[in-house]
Amino acid sequence: MKIATWNVNSLKVRLPHLLQWVQESSPDIIALQETKLDDARFPHAEIEAAGYRSVYSGQKTYNGVAVLARQMITEVITDIPGLEDPQRRILAVTVGGLRVVNLYVVNGQAVGSEKYAYKLDWLSKVTAFLAEQLKCYPNMIVLGDFNIAPDDRDVHDPEAWRGAILCSDAERAALQTLLKLGFVDSFRTFHNEAGHFSWWDYRQGGFRRHRGLRIDLILLSDALRSRQLAATIDVAPRRWERPSDHTPALLELQA
DNA sequence: ATGGTGGGTTACCCA
């Protein structure tokens with residue numbers, strides 16, 4: 001069973017990329033972020049034609065998350081209980097006996113900014129929500145664009161990024177608090193070395209110069225750890241014409 | 001130190 005996450009940075013622009021990629025990679029479940037589409041404009045027909053059911057929580061211009069799956073999708077949650085938030089950043093679903101929580105974590109703009117405070121608050125509320133979900137659903141996958149590079153191995157130039165947004169101590173501590181609920185960063189089960197990235201800034205030829213971060217993660221609950229078979233990042237779509245600034249991350253689970 | 005690019009919309013936007 002293959003599970004993937006991809007921040008497509010506009011599904012309107014990236015629908016051909018998505019269809020191409022699912023045809024080549026045939027994931028069973030794929031979580032999308034930054035669809036930037038109203039639900040009424042979600043291309044469910046094209047996606048269904050490709051063999052996938054879809055659920056989505058979108059908005060115009062910003063944010064927007066979706067989950068596509070070959071199997072039936074049930075028990076959909078689009079909001080964190082107790083958090084009043086128009087920004088469409090979370091989608092929790094059940095597919096094939098797995099609880100799948102798709103996150104588009106707040107970017108935070110700059111350390112110390114209002115958006116940074118919102119990011120840390122949002123993360124603490126998501127963490128509380130996940131703690132509750134784990135009680136009902138031990139087989140859980142939390143994946144998406146975390147907008148946090150977990151440690152220095154996930155950063156092309158750790159010294160240049162030290163303390164900066166996506167890398168600050170408070171963001172990394174918030175991720176560790178979430179992981180301590182009982183999750184593992186699946187990529188690190190298979191790869192220990194530095195230099196694997198999932199996002200490269202469009203500016204200054206970030207991709208060409210290998211200046212990236214690994215901020216797109218697939219976390220597995222402890223109950224699923226023994227089922228991990230492989231975790232990879234597929235860099236190829238970042239080389240395609242008019243790419244997203246993110247590329248897909250994948251996990252293969254024993255069925 | 002600045003600004004670079006690419007989504008979106010026409011905004012002292014957001015990444």
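To find a chain, count down the sequence lines: A is the first, B the second, and so on, and within it residues start at 1. Note that these values count all heavy atoms, side chains included, but never hydrogens, waters or copies made by symmetry.
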Could you spell out the base pairing of DNA chain B as a dot-bracket line? Use Watson-Crick and G-U wobble contacts where both distances are under 3.5 Å, [ ] for crossing pairs, | for partners on a different strand.
....(((.....)))
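- Taking the charged nitrogens against the carboxylate oxygens, R214(A) and D185(A) do have a contact shorter than 4.0 Å, which makes a salt bridge.
- F207(A) comes within contact range of no nucleotide atom at all, as no heavy-atom separation falls under 4.0 Å.
- Checked against dG7(B), dG8(B), dA15(B), the side chain of N107(A) finds its nearest nucleotide in dA15(B).
- For dG3(B) and dA15(B), the C1' atoms lie 15 Å apart once the distance is rounded to whole Å.
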Where do W21(A) and W6(A) land on the ring-ring contact (aromatic ring centres under 6.0 Å, His included) test, with the steps shown first?
CA-CA 11 Å; W21(A) 190 75; W6(A) 195 2; 5.7 Å; yes
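- Taking the side chain as every heavy atom from C-beta outward, Y104(A) and T35(A) never approach each other to under 4.5 Å.
- For T61(A), whose side chain is taken as the heavy atoms from C-beta onward, the closest listed nucleotide among dC14(B), dA15(B), dG8(B) is dG8(B).
- In this structure, E241(A) atom CD and dG6(B) atom P are separated by 12 Å, rounded to whole Å.
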Please report, to 0.1 Å, the donor-acceptor pairs under 3.5 Å made by any side chain of residues 243-250 of chain A, with sequence neighbours excluded.
residue : atom : partner : partner atom : Å
S244(A) : OG   : N7(A)   : O            : 2.6
S244(A) : OG   : H246(A) : N            : 3.0
S244(A) : OG   : H246(A) : O            : 3.4
D245(A) : OD2  : W199(A) : NE1          : 3.2
H246(A) : ND1  : D216(A) : OD1          : 3.2
H246(A) : ND1  : D216(A) : OD2          : 2.8
T247(A) : OG1  : D234(A) : O            : 2.6

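- N102(A) places a side-chain N or O within donor-acceptor distance of the main-chain N or O of A66(A), the cut-off being under 3.5 Å.
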Grab the N/O contacts between the protein and nucleotides 2-5 of chain B below 3.5 Å, and write none if there aren't any.
residue : atom : partner : partner atom : Å
dG3(B)  : N2   : Q204(A) : NE2          : 2.5

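- Within the 4.0 Å cut-off from OP1 or OP2 of dC14(B), at least one side-chain nitrogen or oxygen of K115(A) is found.
- In this structure, L37(A) and Y56(A) have side chains that are not in contact, with every pair of non-hydrogen atoms separated by 4.5 Å or more.
- Distance noted for atom P between dT5(B) and dA1(B): 22 Å (whole Å).
- Annotation: dT2(B) and dG8(B) have their P atoms spaced 30 Å apart (nearest Å).
- Using a 4.5 Å cut-off on side-chain heavy atoms (C-beta onward), R208(A) and W200(A) make no contact.
- Ring planes of H196(A) and H191(A): tilted class, angle from 30 to 60°.
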